[in-house]
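Chain A is the first sequence line, chain B the second, and so forth, proteins listed ahead of strands; every chain is numbered from 1.
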There are 2 protein chains.
Amino acid sequence: MTDGTDESEMPAEPTQALRFGQARLARSTALVEDYVELIADLLASGGEARSTDVAKRLGVTHPTAIKSIARLKREGLATSKPYRGIFLTEAGHELAHKVRARHRLLVELLLAIGVPLEAAEADAEGMEHHASEATLAAAAGFLAARKHRPDE
Amino acid sequence: MTDGTDESEMPAEPTQALRFGQARLARSTALVEDYVELIADLLASGGEARSTDVAKRLGVTHPTAIKSIARLKREGLATSKPYRGIFLTEAGHELAHKVRARHRLLVELLLAIGVPLEAAEADAEGMEHHASEATLAAAAGFLAARKHRPDE
DNA sequence: ACTTAAATGTAGCCTTGGCTACATTTAACC
DNA sequence: GGTTAAATGTAGCCAAGGCTACATTTAAGT
Ligand SMILES: [Mn+2]
Ligand SMILES: [Mn+2]
Ligand SMILES: [Mn+2]
Ligand SMILES: [Mn+2]
């Protein structure tokens, strides 16, 4: 009884380590994704994205927002001249597009299984960063199938 | 055209700030939850939870694991005597139980919509920390309904 | 028993992402 | 146009969570 578990395949340790590592990586990119998505939203609706608005929307102080935006610039996702608004590079826009698609898909999925709207939006804001391509594809497929069988 | 969006209710800024704040909070508790769940697993299967095993399973170095375990102790979730294994307090066991339930439910949900097992496990490892009670309840309900209508 | 290896612990460094406090610049308002 | 308010920027602090390097203790081997 060296182990106790009764599985015959799967070594457990390395596999699980990879999963956790993947989750850690997703956590570290989550912030960048949220900023880019939000900035894109502000640009699309208001025409400009000011750091104060970004800070207010995220619920952080403006120095925090500015520091994070500096990271976006460092990673080639955004640009800004002093005392001017923030703009997205081509890479930034592409990322924003992907992130927004994930966000919407996750919300749709949650709504489809019966989660109330506000909870769906709040949970999706966190979960979106951990949804792999496989999960997104499955969600899309599930929702498409749902549309064909609309009741229930 | 001061705003562009066409919603009449919902101020947007404070609501969204709350969502982001909730996601940030979940990120900060994710680590604790993963440790507690993992330690409970090790205790259940092997009888003891050693820091080296915890580190290996998580894919971090052992000093990192020890430091995080110190946080668990500080928060009253675990105990340990020098050069001995790690144990969970009553609060630790309770949290582990809740976290494991969330984990399993999320995996089940992903499998149900057609996500392959490994992707489901990996994604759930990150998403589980962002699933509200409302989402968990909806997922449980959805899965229960599925069981009654098993095909397709 | 002694030697060696493994596990555990400690120290110190780094980055990220929060914050407050203060300085500067731009915009609003007489 | 001068004064005030708001936005923006900078500096510096802190905690969390990673890491490497080294010290100590326990367990294994012979
Ligand atoms: Mn998000
Ligand atoms: Mn989002
Ligand atoms: Mn997890
Ligand atoms: Mn888990």
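One finds a salt bridge joining A:Arg71 and A:Glu75 here, because a Lys/Arg side-chain nitrogen approaches an Asp/Glu carboxylate oxygen to under 4.0 Å. The pair A:Glu33-A:Lys98 fails the salt-bridge criterion, with no side-chain N (NZ, NE, NH1 or NH2) lying under 4.0 Å from an Asp/Glu carboxylate O. Using a cut-off of 4.0 Å between Lys/Arg side-chain N and Asp/Glu carboxylate O, A:Arg100 and A:Asp41 are scored as salt-bridged.
For B:Lys56 and A:Tyr83, each mapped to the nucleotide of DNA chain C holding its nearest heavy atom, the one lying further toward the 5' end belongs to B:Lys56.
The distance from atom CZ of A:Phe20 to atom C1' of D:dG18 is 16 Å, rounded to the nearest whole Å. One atom, CZ of A:Arg50, and another, C1' of D:dG9, lie 15 Å apart when rounded to the nearest Å. Taking atom CD of residue A:Glu75 and atom C1' of nucleotide C:dG17, one finds them 13 Å apart after rounding to whole Å. Rounding to whole angstrom units, CG of residue B:Leu31 and C1' of D:dA16 are separated by 9 Å. Per the geometry, CD1 belonging to B:Ile69 stands 8 Å off P belonging to C:dG9, to the nearest Å. When the P atom of C:dG9 is taken as reference, atom NZ of B:Lys81 falls 13 Å away, rounded to whole Å. Whole-Å rounding puts the B:Tyr35 OH to D:dG18 P distance at 6 Å. Residue A:Arg71 contributes atom CZ, which lies 9 Å from atom C1' of C:dG17 at whole-angstrom precision.
If you check D:dA11, C:dG9, D:dC19 against the side chain of B:Ser51, the one that comes closest is C:dG9. Relative to the side chain of B:Ile66, the nucleotides D:dA16, C:dT20, C:dG9 differ in distance, and C:dG9 lies closest. Here the nucleotide nearest the side chain of A:Arg24, chosen from C:dC19, D:dT8, D:dG18, is D:dG18. Minimum atom distance to the side chain of A:Thr52 is reached by D:dA7, of the listed C:dA21, C:dG18, D:dA7. Considering only side-chain atoms of A:His62, the nucleotide from D:dC19, D:dT8, C:dG18 that sits closest is D:dT8. In this structure, the nucleotide among D:dC13, D:dG18, C:dG9 sitting nearest to the side chain of A:Lys67 is D:dC13.
Base contact: B:Thr64 has a heavy atom under 4.0 Å from a base atom. Among the heavy atoms of the strands lying under 4.0 Å from B:Pro82 are primed sugar atoms or P, OP1, OP2 only; no base atom is included.
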Original post:
Stepwise, does the salt bridge (Lys or Arg N to Asp or Glu O under 4.0 Å) test hold for B:Asp53 with B:Lys56?
Top reply: CA-CA 5 Å; B:Asp53 298 335; B:Lys56 263 203 266 282; 5.1 Å; no

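Applying the 4.0 Å criterion to OP1 and OP2 of D:dG9, one finds that A:Arg84 has every side-chain N and O outside that range.
Ring centroid separation for the pair A:His130 and B:His129 does not come in under the 6.0 Å cut-off.
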